[in-house]
There are 2 protein chains.
Amino acid sequence: MNIDSVKSMTENCPIARWRRKKEARPAEILDAALSQFVEKGYRATKMEDIARAAGVTKGTPYLYFQNKEEIFKAIARGTFVANLQQLDRLADDFDGSASALLHQMVAHWWQEVGCSPSAGLCKLMIAEAANFPELARFYFEELIAPSNQLLSRVLQRGIDSGEFRAVPLVHTVDALLAPLLTTMIFSHSFGQLPGCCIGSTKDPLGFLQDALDLVLHGLKNN
Amino acid sequence: MNIDSVKSMTENCPIARWRRKKEARPAEILDAALSQFVEKGYRATKMEDIARAAGVTKGTPYLYFQNKEEIFKAIARGTFVANLQQLDRLADDFDGSASALLHQMVAHWWQEVGCSPSAGLCKLMIAEAANFPELARFYFEELIAPSNQLLSRVLQRGIDSGEFRAVPLVHTVDALLAPLLTTMIFSHSFGQLPGCCIGSTKDPLGFLQDALDLVLHGLKNN
DNA sequence: GATTTAACTGAATCAATATTCATTAATGTC
DNA sequence: GACATTAATGAATATTGATTCAGTTAAATC
């Protein structure tokens with residue numbers, strides 16, 4: 001193929017081969033990178049995988065980010081779930097029973113976090129904690145610890161009001177969180193493979209509600 | 001340093017620089033590889049990391065295994081938790097209440113799986129499921145699905161005998177497994193970082209017992 | 001519609017690390 | 001204690017994939 005034919009091909013091409021999108025690119029690249037990282041892991045994801053998933057070629061991500069590690073960090077910082085604040089407010093404003101509040105919180109969490117890309121980030125951080133200890137600590141201190149605090153507060157309120165019996169607080173908080181965690185994690189690993197599904201994969205929200213009911217029934221003061 | 005000095009150093013060396021261990025090497029290498037893979041992930045682990053952790057140099061693993069991938073596969077197949085059979089037998093032979101049986105099973109599981117290297121493999125498979133789909137399916141079919149089955153049977157027995165109320169079986173099984181999974185996973189990620197500990201990290205067995213008690217209390221037929 | 005700007009491409013480069021293999025040395029045998 | 005055998009070493013090589021940058025082209029401006 002000679003220069004002329006290439007030229008004419010290009011000139012005749014009815015649609016552009018690519019488009020300039022200075023504003024949208026960074027977000028597109030981060031979205032693509034997150035899903036690739038979650039699927040394959042950080043190391044196994046090639047820059048070209050990210051580029052292809054974002055609909056660009058492998059040079060383009062470097063126009064917007066220093067390197068692969070900076071992409072990872074940008075994701076971890078950016079996908080940050082400011083959502084906790086909403087849950088905090090929900091808990092403060094709510095004036096029904098602690099059980100009803102917990103149901104609301106789980107529903108809200110599923111909607112905003114559990115079934116969102118944030119859930120994938122959570123799995124990713126678990127897998128990469130040892131490779132990015134600073135980020136992992138950030139994530140722990142800004143997300144995991146406060147989540148525990150919040151749940152702890154709600155639980156304590158229920159105990160104080162006599163709605164719940166006096167259970168070991170710390171362990172109970174973790175027990176309440178466990179179904180949320182496994183749902184996120186499982187749905188981003190085995191859950192992706194055809195045929196590898198368990199109860200919680202088919203109907204995540206239903207599972208979360210049932211698991212919560214079970215524990216709440218166990219918390220009842222009678 | 002000339003040839004002679006090297007020679008004399010070698011000759012004077014009071015202890016051998018290495019030992020021949022044809023029989024023991026494969027297991028040593030697999031053990032080392034498992035802990036490295038669990039810590040850093042499959043891709044981020046260098047063959048030299050594995051060799052160093054096994055106390056050999058980087059050529060040695062290749063005397064016993066084709067390549068890195070074969071090491072991973074050998075681990076996944078070999079670390080296989082034949083332990084399920086023991087749990088199966090435990091369940092079949094037990095003649096106390098279903099609650100007591102579940103407590104026994106959890107204690108046994110923690111001892112044999114939860115705090116063993118198998119737990120690390122579990123975290124690893126979760127992270128690598130998409131990169132090794134065949135292995136992941138094997139793992140799912142041979143381990144996860146049968147575990148679910150077993151728990152399901154025990155639960156059903158408790159329901160049939162009137163010990164438990166009639167709960168949605170599938171979701172309840174997953175709810176029972178969730179604390180076990182989070183304990184394994186968490187202790188091999190954030191749990192490794194100094195200061196990043198939650199209730200279940202400090203006293204895993206205590207947490208598992210408390211979480212089980214909570215759910216059992218919720219299962220009670222009253 | 002010609003000119004300018006800068007977003008985007010992708011072949012070329014470079015670095016990291018997987019793998020090989022010629023050499024060395026531990027151990028068993030005579 | 002010399003010899004043969006073969007496990008183990010580690011420098012050399014091959015491969016993979018991250019990063020660069022000279023050239024191309026979409027789109028803004030005049």
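Each chain gets a letter, A, B and so on, in the order the sequences are listed, and its residues count up from 1. Note that the coordinates shown come from a computational prediction; the quantities given were computed from them, not determined experimentally.
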Return yes if some donor-acceptor pair links the side-chain N/O of [X] with the main-chain N/O of [Y] below 3.5 Å, else return no.
{"X": "Lys68(A)", "Y": "Thr45(A)", "result": "yes"}
{"X": "Asp210(B)", "Y": "His171(A)", "result": "no"}
{"X": "Tyr42(A)", "Y": "Glu69(A)", "result": "yes"}

Completion exercise
Only one of Phe72(A), Tyr139(A), Phe138(A) passes ring-ring contact (aromatic ring centres under 6.0 Å, His included) with Phe132(A), and that residue is Phe72(A)
What is the distance, rounded to the nearest whole Å, between atom [atom1] of [X] and atom [atom2] of [N]?
{"X": "Leu63(A)", "N": "dC21(D)", "atom1": "CG", "atom2": "P", "value": "13 Å"}
{"X": "Tyr64(B)", "N": "dA7(D)", "atom1": "OH", "atom2": "P", "value": "6 Å"}
{"X": "Glu23(A)", "N": "dA6(C)", "atom1": "CD", "atom2": "C1'", "value": "13 Å"}

Practice task
Return the residues of residues 40-57 of chain B meeting this criterion: a heavy atom under 4.0 Å from some atom of DNA chain D. Order them by number, or give none.
Solution key: Arg43(B), Val56(B), Thr57(B)
Exercise for the section: Could you label the plane-to-plane angle of the Phe186(B) and Phe140(A) rings as parallel, tilted or perpendicular, counting under 30° as parallel and over 60° as perpendicular? Expected result: tilted
Given [options], which nucleotide is nearest the side-chain atoms of [X]?
{"X": "Lys58(B)", "options": "dA11(D), dG10(C), dT9(C)", "answer": "dA11(D)"}
{"X": "Arg19(A)", "options": "dA8(D), dG10(C), dA27(D)", "answer": "dA27(D)"}
{"X": "Tyr62(B)", "options": "dA26(D), dT20(C), dC8(C)", "answer": "dT20(C)"}

Exercise for the section: Please check the phosphate of dT9(C) (OP1 and OP2 only) for any side-chain N or O of Thr60(A) closer than 4.0 Å. Expected result: yes
Handout entry: base_contact_polar (dT9(D) base, Arg17(B) side chain, donor-acceptor, <3.5 Å)
Key = no
Practice task
Give a yes or no on whether a donor-acceptor pair under 3.5 Å exists between the nucleobase atoms of dA25(C), that is its base, and the side chain of Arg20(B).
Solution key: no
Exercise for the section: Would you classify Phe65(A) as touching base, sugar-phosphate or nothing, given that sugar-phosphate means primed atoms plus P, OP1 and OP2, and contacts are heavy atoms under 4.0 Å? Expected result: nothing
Exercise for the section: Run the numbers on Lys202(A) and Asp174(B) for salt bridge (Lys or Arg N to Asp or Glu O under 4.0 Å), then give the verdict. Expected result: CA-CA 12 Å; Lys202(A) 285 182 201 151; Asp174(B) 286 352; over 6 Å; no
Problem - Short N-O contact, Glu134(A) and Arg137(A), less than 4.0 angstrom - result: no
Completion exercise
Between Lys68(B) and Lys21(A), whichever has its closest DNA chain C nucleotide further toward 5' is Lys21(A)
